[in-house]
2 protein chains.
Amino acid sequence: MNTMNNQMPDEASFLASYNPSNFLPVALTVDLVVFAVRHKVLHIALVKRGAHPFLGSWALPGGFVGPTENALAAAHRELEEETGLNLGSHRVFVEQLATFSDPGRDPRMRVVSVAHVVLLAAEGGIVPPLCAGSDAAHAQWVPVHTLDTPALAFDHGEILRQGMERLAGKMEYTTIGARLLPAQFTISALRDVYSAVWQVELPAGNFTRKIRPSLTSTGVKVQGVGAPASLFTVGSDWISPPLARPRR
Amino acid sequence: MNTMNNQMPDEASFLASYNPSNFLPVALTVDLVVFAVRHKVLHIALVKRGAHPFLGSWALPGGFVGPTENALAAAHRELEEETGLNLGSHRVFVEQLATFSDPGRDPRMRVVSVAHVVLLAAEGGIVPPLCAGSDAAHAQWVPVHTLDTPALAFDHGEILRQGMERLAGKMEYTTIGARLLPAQFTISALRDVYSAVWQVELPAGNFTRKIRPSLTSTGVKVQGVGAPASLFTVGSDWISPPLARPRR
DNA sequence: ATTATTATTATCAAATTGATAATAACTCTA
DNA sequence: TAGAGTTATTATCAATTTGATAATAATAAT
């Protein structure tokens, strides 16, 4: 078998079969829609751009995918680098959102970005502060529901919109909302997450009745303002039947 | 304003700010999971590879994203080129699935692929035949549920798995299944789509009761083997409350 | 004409829902 | 320390929805 010398003709036939005149290398990046619930308000991590284009505008954190990593690994790495978060000491959840590839989305060159949704667990409503990343950009938590999304840099407003829809939608039929809380949490804290994301108040009694089958009680109780509440962990990733998101 | 000469320093600072040592150009492709229901059986379009690697294996249709098109446009173009389908004369639905970027997914070079789900409408259980594409690869409809997915080329088995999960999942809460049928269809035909995708028989009476609010009757009736059935169009993209997919 | 097949509507007990209240266990404040 | 206020959890119940099954009707096949 000719193992040594078929590498080159192989790649040549590969390119030929795919019509090389249509082939152009692109830069691959990741963009991160990082959510956290601070004091019952849904926030997103944004960086202020320190260079043209969109100098001074808010943008999503992100960066290039390296030659030896996939997009998911790049998302984890950039999360640390751009926000200063120590992933070893925080609960984070990352999932791919969608890829944005319009030829003109970056005015400088062909940049294709794989957007990700990141959920950062808050402890008692407190979220770790963000530090300026490896580039000088200023990073900050910003409330999402009062944000002027069209003012974001590039197509980041549309990415954020899709990220919010993904989070809100998946919270109907999965326990993904618990990723915004510590591993052990009260049902009320989870209900506060739903209120922050869906922007509605859910009746406590019925919420407990419907979410309970997806949770596992630890038996431990914690003191709050009123009666003590049990701590739960996620028992199932699925909520069946799904919670109905009240639509206006 | 220095519009003319800040292009170069701008791009330089862009690259610098993103750590250029981690930057590597990649080839961007699309892969297509093309579904159609033939005679009540869910099929997928596959091409037989005519070159190394994976010579002779089944693979998903796909190809490079051109310099002036986004991934969605490339998906439409490659669908025509690789399967010989005339998009002007068939109902097709295309939506992005996910992006696959593992460094080793193609042994020849760094290829990042944006996978798409494509739904092709069958007319009376008949699906247009596939022709060999612009490259010599042989294209064919293959029943999905009896397919040895791990035997597919590259990571196409995993892409197919995610595509099937997307289709089956979205059919719980949207009328996307109707995209596998002509614009006007009977409730029974739609139920057959659900049976083909979910691999379960759904009771006819209850299915009608639950799907009806999402459909619009045309008033026209068609003759089949039994009683005449009304033709419907999609009235709403959403099914609320969702249909419960029976799980084993 | 009779039988078989299918679409559609109907029926009904069981399960689920939304709304509301009851109860219990705590903190806060005077 | 005795209310008053707050919250978690369970309970209640009428209204709605569900799954199962049947009834009805309209056609083709024999």
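Chain naming here is simple, since letters A, B, ... match the order of the sequence lines and numbering starts at 1 in each.
If you measure from atom NZ of B:Lys210 to atom P of D:dT16, you get 18 Å, rounded to the nearest angstrom. Rounded to whole Å, atom C1' of C:dG18 lies 14 Å from atom CG of A:Leu243. To the nearest angstrom, C1' of D:dG19 lies 16 Å from CD of B:Glu201. Protein atom CZ of A:Phe207 is 14 Å distant from nucleotide atom C1' of D:dT9, rounded to whole Å. Counting to the nearest Å, the C1' atom of D:dG19 and the CG atom of B:Leu202 are 12 Å from each other. Between the C1' atom of C:dA24 and the CD atom of A:Gln223 lies a distance of 13 Å, rounded to the nearest Å. Distance, A:Asp192 CG to D:dT7 C1': 12 Å, rounded to whole Å. To the nearest angstrom, C1' of D:dG19 lies 6 Å from CG of B:Asn206.
When distances run from any side-chain atom of A:Ile187 to the nucleotides D:dT21, C:dT6, D:dT9, the shortest one goes to D:dT9. Side-chain proximity of A:Val225 to the nucleotides C:dA19, D:dT6, D:dT9 is greatest for D:dT6. In the set C:dT8, D:dT9, D:dA20, C:dT8 carries the atom at the smallest distance from any side-chain atom of B:Ala204.
Across all strands shown, D:dT30 forms a Watson-Crick or G-U wobble pair with C:dA1, both key distances being under 3.5 Å.
OP1 or OP2 of D:dA8 sits under 4.0 Å from a side-chain N or O of A:Ser188. The shortest distance between the side-chain N/O atoms of B:Arg212 and the OP1/OP2 oxygens of C:dT9 is below 4.0 Å. In this structure, A:Arg209 does not reach the C:dG18 phosphate: none of its side-chain N or O atoms is under 4.0 Å from OP1 or OP2. At the phosphate of D:dT9, OP1 or OP2 sits under 4.0 Å from a side-chain N or O atom of A:Ser230.
Using cut-offs of 30° and 60° for the angle between ring planes, the B:Tyr194 and B:Trp198 rings count as perpendicular.
Comparing A:Ala244 and B:Ala189 along DNA chain C, the residue whose closest nucleotide (by nearest heavy atom) sits nearer the 5' end is B:Ala189. The residue among B:Ala227 and B:Pro203 whose nearest nucleotide of DNA chain D lies closer to the 5′ end is B:Pro203.
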Practice prompt. For B:Phe185 and B:Phe232, run ring-ring contact (aromatic ring centres under 6.0 Å, His included): C-alpha distance rounded to whole Å, both residues' side-chain angles, the deciding distance at 0.1 Å, then the answer.
Written response: CA-CA 5 Å; B:Phe185 52 88; B:Phe232 293 85; 7.3 Å; no
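At the heavy-atom level, B:Lys221 lies nowhere under 4.0 Å from the strands shown.
A donor-acceptor pair is defined here as one N or O able to donate and one able to accept, closer than 3.5 Å; no such pair exists between the side chain of B:Thr233 and the backbone of B:Thr218.
Between A:Ser113 and A:Thr29, the side chains place a donor N or O and an acceptor N or O closer than 3.5 Å (distance only, hydrogens not considered). Side-chain N/O atoms of A:Gln140 and A:His138 include a donor and acceptor closer than 3.5 Å.
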